[in-house]
Amino acid sequence: MNDVARWKYVLIVVVVLFGLLYALPNVFPQVPAVQISANRGSEVDAALSERVLGILEKRKVKPAGSEIVDRKLLVRLADAEQQLESADVLREALGEQYVVALNSASTVPAWLRAIGANAMTLGLDLRGGVHFLMEVDQKSGVDKQVARYVDDIRGYLRNEKIRYRSVSRTPQGIAIGLRSAADRDRVATKLPTEMPQLELSDGPESTDSFVLMAKLRPATIQEEMDKALDQNIATLRNRVNELGVAEPVVQQQGSSRIVVQLPGVQDTVAAKKILGATATLEYRAVDTSVLNPYEAAASGRVPPDSRIYYERKLGIDGKPIPVILKKRLIVSGDQLVDATSGFDQQNGEPMVSVTLNNAGARRMQEFTNENVGKGMAVVFIERTPEVRMVDGKEVRTTKVKEEVISVANVREPFGKRFQTTGLGSSEEASETALLLRAGSLAAPVDIVEERVVGPSLGQDNIAKGFKAVMIGLVAILIFVAFYYRVFGLVADVALTLNLVILVAVLSMFGATLTMPGIAGIVLTLGMAIDANVLICERVREELRNGLTPLAAIRAGFDKAWATILDANVTHLIAAVGLMLFGSGPIFGFALTLAIGILSSMFTAVTVTRAIINLIFGGRRLKTLPV
């Protein structure tokens, strides 16, 4: 008698119930929806929900329902036609205060969501979404690095008490003007030790100045750009992850480009908002020598080391408030470590608490030590691509928007931690902290390509993928049942359970299903039945060797196990290798394959043997239907 321990039956029942429960949400389809999120200064609340429903009712559109999730209003609609019509109507009615985007809403029952059972997230090729190709502005990145070295050289000369006339940027590099030949020789000897990234050479001399020229080494420029690219990738990934986009793809392409894919988002404007509009952040000093910023802005006459900026908030006259800021950069956003929103304990205003890294803290400490009582501004910079037609040709340009989001006086010296106030609302403070916490871009990026993958194409891919899985599954089931009879039917049950468990695990992990993932499922089904084929053929061989039916069953399972284990471990190693070194679609394929291998080993051996034991274990057999 082929006994199977009772705990194995209990385990099988638990796993099967678990698989059915967590695979069930995938039966419920997603429905078209319109997502409404607030721009700075606006709020998403019950009043907005009533207003939106009223607007749609006037257009005789009956939503299937609405809910506020993560400060976003999601309105469910009957079909894609109503979705598009509603989005256009709401964009016109709500104006620029809100961002209206196409999305999809889950119809999974609340009791399933309460236990963490959700449908698999669909990838860009199945769900539709937006695709961006972004290019790092290498020139701006290099300029940013050179500006930092200008400040570092000034700090070095002050610390070493070396008298200098000027340290300034020129087209040929950084010009260091010293007062004597001895000072020049001293700097030429010691500076390369402190800053090995710089190449020094003698510059043009004058009667009162001895000049050294400093340039970034080519290897340093390349290294800095590689770091900037890596940091931008990490920043963009953190930014979209924190803003709740399901399974985005953010990866490098070539030496200076980044691919960003956001499944489920159908509106490029909303997608750019999610990306933080490729934002950077800068802290700059207020030029206190300009007594009347309005007059300076009207005339355009400002000191050569300063320039005009405008505050985000409007003045009493409804016009932007001008601010004259120094061109010298104090701290940039890539030197931020953490940022949290809250309220100022003194006046109760919304604020953002900022923490800098060591380099940024040192710069901020030096600035505030020398500028107590003077102003410091936070400049928020957005770069947005624009397309316009010139003489019938498409011309792509980049619009740069610079806003001063906060101006405050330095009350006392500070360095590593400080607060930024002057924000309009708690929501604005929360959003600003989010962008800061996710990180600022080390070098500016421009969107050079953008496209939308429509949901209709995604639905076509889903239909074809589902058809491929069903055809493969049915063909395998029929062949195995016909060829191996009862043993084949048992193998079919195990194969079906394997598919259920695979879908359940992918859903529980929140994996993204793509076309390569569907290919992994189809391949998994073929590999899963292979184990049952080995068992059935081994049982046949043992019967031909003269063993009794029950002994043949026992020997067939025991002797086939080593071969099954060897084959699946080999495939698992290949899948793990693809997971470690692949990304995007390759990773999705490998993940599906790896989970499928593990589940097939359980169903093909444990489940199959348990069912065979239930059917034949208590009977006296002369032959086996195999």
Side-chain angles (χ1 to χ4, degrees), residues 2 4 8 11-12 15-16 19 468-469 471-506 509 511 516-545 547 552-582 586-613 624 626:
N2 296 321
V4 174
K8 290 186 179 180
L11 175 64
I12 292 171
V15 170
V16 170
V469 172
I471 291 175
L473 179 62
V474 171
I476 292 172
L477 294 178
I478 293 174
F479 172 78
V480 172
F482 176 78
Y483 195 76
Y484 292 111
R485 295 189 284 179
V486 175
F487 273 72
L489 291 173
V490 173
D492 288 347
V493 173
L495 185 64
T496 305
L497 290 178
N498 178 42
L499 180 60
V500 171
I501 293 172
L502 174 59
V503 172
V505 173
L506 289 173
F509 285 168
I518 292 177
I521 292 175
V522 175
L523 181 59
T524 296
L525 295 178
M527 293 172 57
I529 203 63
D530 182 58
N532 291 111
V533 170
L534 288 173
I535 293 171
C536 292
E537 291 297 331
R538 194 72 193 190
V539 170
R540 281 181 166 186
E541 184 178 345
E542 297 301 331
L543 288 173
R544 287 194 294 267
N545 290 336
L547 293 183
I553 292 173
R554 183 184 296 111
F557 275 97
D558 292 342
K559 293 183 179 180
W561 169 244
T563 304
I564 294 170
L565 181 64
D566 179 68
N568 282 280
V569 168
T570 304
H571 288 137
L572 187 60
I573 291 173
V576 171
L578 289 174
M579 290 172 63
L580 291 176
F581 299 104
I586 295 176
F587 180 86
F589 170 80
L591 178 64
T592 305
L593 186 61
I595 296 174
I597 290 170
L598 296 175
S599 63
S600 66
M601 289 179 67
F602 172 75
T603 56
V605 178
T606 305
V607 174
T608 302
R609 187 162 190 172
I611 297 176
I612 291 293
N613 181 71
L624 278 177
V626 61

Asker: Side chains of S599 and N498: is there a donor and an acceptor less than 3.5 Å apart?
Answerer: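 S599 vs N498: donor-acceptor pair found between side chains.
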
Asker: Looking at A555 and R538, what are the two nearest heavy atoms and their distance?
Answerer: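 Answer, listing the atom of A555 first, then R538: O-CG, 4.4 Å.
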
Asker: Are any non-hydrogen side-chain atoms of R554 and D558 less than 4.5 angstrom apart?
Answerer: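 R554 vs D558: side chains touch.
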
Asker: Which atom names give the shortest non-hydrogen contact between A491 and V480, and what distance separates them?
Answerer: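 Residues A491 and V480, closest heavy atoms: CB-CG1, 3.9 Å.
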
Asker: Nearest heavy-atom pair of L489 and A481: which atoms, and what distance?
Answerer: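 Shortest heavy-atom separation between L489 and A481 comes out as CD2-CB, 3.7 Å.
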
Asker: Nearest 0.5 angstrom please: Y483 OH to E537 CD, how far?
Answerer: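 Rounded to the nearest 0.5 Å, the OH-CD separation comes out at 5.5 Å.
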
Asker: If I take atom CD1 from residue I553 and atom CD1 from residue I535, how far apart are they, to the nearest 0.5 angstrom?
Answerer: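 I553 CD1 to I535 CD1: 11.5 Å, rounded to 0.5 Å.
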
Asker: Restricting to non-hydrogen atoms, name the atom on T524 and the atom on T592 that form the minimum distance, rounded to 0.1 Å.
Answerer: OG1-O, 4.0 Å

Asker: Are L523 and F589 side-chain neighbours, meaning at least one heavy-atom pair lies under 4.5 Å?
Answerer: yes

Asker: Identify the two heavy atoms, one from G19 and one from A504, that lie closest to each other, and give their separation to 0.1 Å.
Answerer: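 In this case the closest contact between G19 and A504 is O-CB, 3.4 Å.
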
Asker: Got T570 and I573 here, is their nearest side-chain heavy-atom distance under 4.5 Å?
Answerer: no

Asker: Roughly how far apart are I521 CD1 and L502 CG, rounded to 0.5 Å?
Answerer: 5.0 Å

Asker: At what distance, to the nearest 0.5 angstrom, does CZ of F557 lie from OG1 of T606?
Answerer: 9.5 Å

Asker: How far apart are the closest heavy atoms of V539 and G556, and which atoms are they?
Answerer: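 V539 and G556 have their closest heavy atoms at CG2-CA, 3.9 Å.
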
Asker: With rounding to the nearest 0.5 Å, note down the distance linking CG in L495 to CD1 in I529.
Answerer: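 Spacing of CG (L495) from CD1 (I529) equals 5.0 Å.
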
Asker: When rounded to the nearest 0.5 angstrom, what is the spacing between CG in L598 and CD1 in I501?
Answerer: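 Answer for the CG-CD1 pair, L598 versus I501, is 11.5 Å.
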
Asker: Under a 4.5 Å cut-off applied to non-hydrogen side-chain atoms, are E542 and K559 in contact?
Answerer: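 The answer is yes, as the side chains (C-beta and beyond) meet within the 4.5 Å cut-off.
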
Asker: Answer yes or no: is there an ion pair linking R544 with E541, defined by an N-O contact shorter than 4.0 Å?
Answerer: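 Salt bridge between R544 and E541, a charged N being under 4.0 Å from a carboxylate O: no.
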
Asker: Of all residues at least two apart in sequence or in a different chain, which pass the side-chain hydrogen bond (donor to acceptor under 3.5 Å, both in side chains) check with T608?
Answerer: N532

Asker: Would a 4.5 Å heavy-atom cut-off, applied to side chains only, mark L593 and I597 as touching?
Answerer: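 Sidechains of I597 and L593: in contact.
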
